[in-house]
Every structure is written in C-alpha cells, then in structure tokens.
Amino acid sequence: NDMQEHTPEGAETNSEKIAQKKPNRRDPGQKIRKGERKWLLRVFAGRDAQGKRHYRSETFLGSSKDADARLRRMLEGKGNSDARMFLNDYLDAWLAGQLEIGPRTLSDYTGLLAAYVKPTIGILRLSDIRAADVRKLYKGLLDKGLSARTVRYVHTVLSKALKEAECLDANPCSKVKLPKLRPSKPQFLTAEQVNQFLKAAQNDRLYALFVVAVHSGMRPSELLALRWQDLNIDTGLVAIQRGLTWNRKGGGYQVGNLKTLSSQRCIVLPPSALQALTKHRIAQHQERLALGSDYKNHDLVFCTTIGTP
C-alpha cells in the first residue's frame, strides 16, 4: 500500500498528545504543557515524615524535545542540588573559588555583587532566574542613577558567574540587551587652573602628592602605593608597579600588584616635582623621628602621619 498517513493541519501530533496527557502521580518525572513552548517539569523528591509526596518543580521554556532532555537531566540528578541553591550562596562559593584573579579584582567583584546583585535577585534560586529577572535588575540600577558603564560591569561579573554554573542549561544573562554607552568628552584642568590649585595647596602636608599627580598622570591608587624604593630622586625615574586597595573582607588598606603587566610602567618626573618630593621626604623623616618606635614604616612616599597607608 503506497498510501501514507497524514496529520491534518492544526491537529495534534502523538508527542503533543502525550505531553498534554494528565501526568501519572507515580511517575518519577513529569512534563506538563503550560503554554506554547512552556513546560512545567516535576521530579519526585521523596516523602516527608507524614508520608506526603514532594516534588521539585521547574518551569522550562523551549521545545518538547529540549524539555525532555532537561527532565532527563533532572531525573539523573545532574545539578539538582546546585540548581536549588540561592544565588547569594552560589555567588559566595563562586567568589571563593576564583583563584586565577588578583586580590584587587576579587575585591571589586565582591563589592559589586554585594552592592547591586545580592540585595535584589540574590534571594532567587539558580533554577528560577530568568532573563526577565536580569533585565529588571539592570533597569532598576539605571533608574537609581547608575551609569551604563557600571551596569555593563555588573553584567560582566554576573554573566561570568552564571556561565560557570554547571547546573544551568543556559545563562540567563546571555539574552539580555545591555544599555548603550554614551560617549563622554574628558575634561581637563587648564594650565592656569593647575597653577591656581597648586598655589592653594602649597601649605598642605601632602603638597608633593598633588605636584606629582599633576605631572605624572598616575592614578590615586598608584600614588598612594608608591614607595621610596620605586623612586630615584637624582634621575627623576619612577617605577609604577603597585596599587592601593581597600580590603572589603577584613577592612584596612593594602598595597598589591597592579591588575595587569601592561599597567606597570616607568615615567620621569620634572625638576619641580623632584624638588617637592625632596622637601616632603625631609618632613616625613621628622615625623618618623618624633614618633620613634610608634611609627609604622611601610616605605610609602605618601602616607599618614604614623606611616600607614
């Protein structure tokens, strides 16, 4: 017989009928159609002390075939416990496992997630996080006045963390459009404004810091981590290789290496900066003699009156 069986247009296929069939409560895994490409997946999780059956449920968006694959993973136990972790707990574990990044970057990640992610979607379980939740998070940050650049940085860290969550089939951050960066024109002080500023600061204890900042373009964290061993007063050569960061976990400032090797560089200071540094070193030496053993010598060029960062 050459006749073939055809399914009339609009009719349900056998697989669709099966998918919509009322689930058997005795089945260890259930797939229930909730809409177009939307499924409720349920896995039997055991009975409580009263003998009541409990299920672990998950809403899945995708084809029937993909839903079957996800249900199989749930039945096999892949990622079950991790997927039910709260995002806050997962992020703590993820941060603790970041061994390839430096302490400064780790501190930045920790502070960023604590300030912008944990208070909002941190209470969600990993398996419940959807792209809509991430979009709402980013919109809320923008509404609070955060810049597009900051929101993009939040996205970079959050996406990196969720990408490494093996229990997730897809990264919810991957479907979220990011706010566009608005090009901004940098503003600089004029030569006249610089002279006015230095004149106003000439009696300040850290006057030399301002002079070096103006002539070197060093970042504040680099200036405050500069050590006398990095500076040659005779030649004016300065080796920039460290930065000062705040230790968010234990508190206090700490000096560490710069994030990248490309950030390490050498510059030459003009005579006016070297003259200010020479006077500054003499004044610092007097502070050290006055305190004696109470002075905390870290060899820092710019420090507190007791030698600390």
Do [X] and [Y] have side chains that approach each other closer than 4.5 Å (heavy atoms only, starting at C-beta)?
X	Y	answer
D66	F60	yes
Y138	C173	yes
T304	Y253	no
Y295	Q284	yes
L124	D133	yes
R227	D230	yes
Q264	I240	no
E100	Q98	yes

is_close_aromatic(Y207, H280), centroid dist under 6.0 Å: no

[X] side-chain N/O to [Y] backbone N/O, donor-acceptor pair under 3.5 Å:
X	Y	value
T150	L146	no
R130	S127	yes
R152	K180	no
Q202	L198	no
D299	Q229	yes
N195	E192	no

For the student: nearest non-hydrogen atoms of [X] and [Y], plus distance:
X	Y	answer
P119	A115	CG-O, 3.7 Å
A225	V255	CB-CG1, 3.9 Å
H215	A273	CD2-CB, 4.4 Å
L71	L41	N-CD1, 4.1 Å
C303	L206	O-CD2, 4.3 Å
A213	L223	CB-CD1, 3.6 Å

Just how far is it from atom [atom1] of [X] to atom [atom2] of [Y], taken to the nearest 0.5 Å?
X	Y	atom1	atom2	result
Q193	F188	CD	CZ	12.5 Å
W39	T59	CH2	OG1	13.0 Å
R288	D294	CZ	CG	13.0 Å
L162	L126	CG	CG	7.0 Å
S174	H155	OG	NE2	8.0 Å
L237	N232	CG	CG	6.5 Å

Let me know which of R265, R242, Q241 forms a side chain to side chain donor-acceptor pair (under 3.5 Å) with E222.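 With E222 as partner, side chain to side chain donor-acceptor pair (under 3.5 Å) holds for just one option, R265.
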
Set out, in order, the CA-CA distance, both residues' side-chain angles and the distance that settles side chain to side chain contact (heavy atoms under 4.5 Å, CB included) for L269 and S216, then state yes or no. CA-CA 7 Å; L269 294 175; S216 69; 4.0 Å; yes

Between the side chains of K118 and D89, is the shortest nitrogen-to-carboxylate-oxygen separation below 4.0 Å, so that they form an ion pair?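 Result for this pair is no, no salt bridge flagged.
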
Charged N-O contact under 4.0 Å between E58 and R70: yes

Are more than 12 heavy atoms from other residues, nucleotides or ligands located less than 6.0 Å from atom [atom1] of [X]?
X	atom1	value
K160	NZ	yes
Q275	CD	no
I101	CD1	yes

Between [X] and [Y], is there shared hydrophobic-cluster membership here, with clusters defined by ILVMFWY side-chain heavy atoms closer than 4.5 Å?
X	Y	value
L142	L181	no
L274	V268	no
L291	L300	no
V134	L61	no
M218	W228	yes

Could you please spell out the steps behind the salt bridge (Lys or Arg N to Asp or Glu O under 4.0 Å) verdict for D68 and R72? CA-CA 6 Å; D68 288 335; R72 283 194 298 271; 5.4 Å; no

Assess whether side chain to side chain contact (heavy atoms under 4.5 Å, CB included) is satisfied between L277 and I233, documenting all intermediate values. CA-CA 8 Å; L277 283 168; I233 291 289; 4.0 Å; yes

Do you see a donor-acceptor pair shorter than 3.5 Å between the side chains of S107 and T110?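 The answer is no; no qualifying pair exists.
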
Test side chain to side chain contact (heavy atoms under 4.5 Å, CB included) on Y116 and Y153; report intermediate values, then the result. CA-CA 11 Å; Y116 303 130; Y153 190 24; over 6 Å; no

Between K139 and K144, is a side chain to side chain contact (heavy atoms under 4.5 Å, CB included) present by the stated rule, with each step listed? CA-CA 9 Å; K139 184 179 184 302; K144 289 180 179 179; over 6 Å; no

Checking T120 against K136 for the side-chain hydrogen bond (donor to acceptor under 3.5 Å, both in side chains) test, could you report, in this order, the C-alpha distance in whole Å, the side-chain angles of both residues, the deciding distance, and whether it holds? CA-CA 9 Å; T120 50; K136 185 177 179 180; over 6 Å; no

Sole candidate of I129, L137, N171, V176 that passes side-chain contact (heavy atoms from CB on, under 4.5 Å) when paired with L158: L137

Check whether NZ of the Lys or CZ of the Arg R125 lies under 6.0 Å from the centre of the six-membered ring of F86 and within 45 degrees of that ring's axis.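 That pair qualifies as a cation-pi contact.
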
